[in-house]
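Basis for what follows: all heavy atoms, side chains included, without hydrogens, waters or symmetry-related copies. This chain uses plain numbering: 1 for the first residue, then up along the sequence. The shown structure was predicted, so the numbers you read here are calculated from the model rather than taken from an experiment.
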Amino acid sequence: MTSAYWLTNVRLESGYEQDHDQVIGTRTELAHIRIDGGTIAEIVTAAKLIQDELPKHDAREQLLLPSFRESHLHLDKTYYGGPWQAVRPAASIFARIEQEEKLLPQLFPVAEERAAKLLDLIIGHGSTYVRGHVNIDPVSGLKGLEAVKRTLEHYQDKIDAELVAFTQHGLLRSHAEQLVRDAVRNGASHIGSVDPAVVDGDREKSLNLLMQIAVEENASIDIHVHESGPSGIETLSLLAKLTEDAGWQGRVTVSHAFAFAAADFNEVKELAEQFAALQIDIASTVPIGRLHMPLPALQQLGISVGLGNDSIIDHWSPFGMGDNLEKAQRYAELYGRSQEHLLSQTLGVITGGVTPLNAEGTQVWPHVGADASMVLVQASCTAEAVARRSARTAVFHKGNLAAGSI
């Protein structure tokens, strides 16, 4: 597609329909949108006749939504695109790590091909941003990072990416400090480790080293913390203290953060308030089963929550569809957000907080000057798109057609 064109007959949300104080529906209007240089340059009513000679692409009255953000995905180690394999039994995380140490060399030759298939999958579902975790360990070295970087070079017009140098085998346990530093110097924007008290066996030493590397290499942090109960709370509390001491506010994400899944939220409310004050984000897969993460409560306190698929068909999990709209649907269903207003606002958990209508029903997206990263959806409104996981027909990244057709 050319850098300047019109997307015509687009359905945009204009406000909520109300019955007294209840939202009972969503109003929409048809519009023409001019894209120029990757941004939205003009929005006019569909009743207006376009006079210029720019190319015109008919959206056929489909709904336009902001594109999605995949907040947690392992790009370097997947079975996706290859032969089916279910997860093999492992008695502990250490047994799983031993499996991985043997498996990774087998995946290196197909790492670029598999990463490309994963990117095609998530882009096709509407994601134009991904935070990808890449193993950094003595077995992988920087091989996984370099493979993913080479793959991403072919997707610059389709997706934005941030890479996390992730010590899956433990920062201390695998003696990975220098490798992590090398990874940052070779393109990783974030660093991360996993369950410092369990995997590394020394919470304080592991977290202090992680923060030291982050500060010295000017990297952000995205750490996996599956630890729950008092141990998990202690880990997250120490991380919060280190974040404040280092002045690393707004540069730390905790993936999973299962310690917040306490039986009584009051037990972790003060810690959640610390996270909000320090702008520590949470990335979640919206887990189902024995853990019930209080994600809406965390958001209400001001914590930014993003959703992701984590593993997609690998030796850790045979699940994961790569569809963040499915994650939003799960979020809405799990937390009882079945009403029009709540369904509509749920979209924000997969768009970085961007929704066509704000909580009061004022139209805030799209607007002139906005990044033209967007998705055409076969739905009458956002609420329907979330509840029904409606089909996506075209995905745009900064104005460029990244998937589908128009």
For [X] against [Y], the heavy-atom pair lying closest together:
| X | Y | answer |
| --- | --- | --- |
| Phe68 | Leu325 | CE1-CB, 4.0 Å |
| Val199 | Gly170 | CG1-CA, 3.6 Å |
| Ser390 | Ala379 | OG-CB, 3.5 Å |
| Leu343 | Ser338 | CD1-O, 3.5 Å |
| His57 | Pro55 | NE2-CB, 4.1 Å |
| Ala46 | Asn9 | CB-OD1, 4.2 Å |

Contacts of type side-chain contact (heavy atoms from CB on, under 4.5 Å), residue Ile50, not counting sequence neighbours: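 Once residues adjacent in sequence are excluded, the partners of Ile50 under the side-chain contact (heavy atoms from CB on, under 4.5 Å) criterion are Trp6, Thr8, His32, Asp52, Lys56.
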Polar side-chain atom of [X] near backbone of [Y] as donor-acceptor pair, under 3.5 Å:
| X | Y | result |
| --- | --- | --- |
| Ser92 | Ala95 | yes |
| Glu113 | Val110 | no |
| Tyr79 | Ala86 | no |
| Asn309 | Gly320 | no |

For [X] and [Y], which I'm curious about, is there any donor-acceptor pair between the side chains at under 3.5 Å?
| X | Y | result |
| --- | --- | --- |
| Gln168 | Asp137 | no |
| Gln212 | Glu216 | yes |
| Thr26 | Glu340 | yes |
| Arg114 | Thr78 | no |
| Ser317 | Ser311 | no |
| Ser373 | Tyr129 | no |

From CG (Leu119) to CD (Glu70), nearest 0.5 Å: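 Between Leu119 CG and Glu70 CD, I get 10.0 Å after rounding to 0.5 Å.
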Point-to-point distance, once rounded to the nearest 0.5 Å, from CG of Leu357 to OG of Ser14: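 It is 7.5 Å, given to the nearest 0.5 Å.
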Option among Asp160, Asp157, Asp36 that satisfies the salt bridge (Lys or Arg N to Asp or Glu O under 4.0 Å) test with Lys398: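 For Lys398, the salt bridge (Lys or Arg N to Asp or Glu O under 4.0 Å) test succeeds with only one of Asp160, Asp157, Asp36, which is Asp160.
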Give a yes or no on whether a salt bridge exists between [X] and [Y], defined as a side-chain N under 4.0 angstrom from a carboxylate O.
| X | Y | result |
| --- | --- | --- |
| Arg392 | Asp323 | yes |
| Glu100 | Arg96 | no |
| Arg131 | Glu162 | yes |
| Lys149 | Glu146 | yes |

Neighbour count above 12 (heavy atom, 6.0 Å) for Gln22 CD: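 Open.
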His224 and Phe166 aromatic centres sub-6.0 Å: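 Yes; Phe166 has its ring centre under 6.0 Å from that of His224.
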Trp316 and His74: CA distance, side-chain angles, deciding distance, side-chain contact (heavy atoms from CB on, under 4.5 Å) verdict: CA-CA 11 Å; Trp316 293 85; His74 293 269; over 6 Å; no
From CA spacing to verdict: salt bridge (charged side-chain N to carboxylate O under 4.0 Å, His left out), Arg181, Glu177: CA-CA 6 Å; Arg181 292 182 184 274; Glu177 177 183 351; 3.1 Å; yes
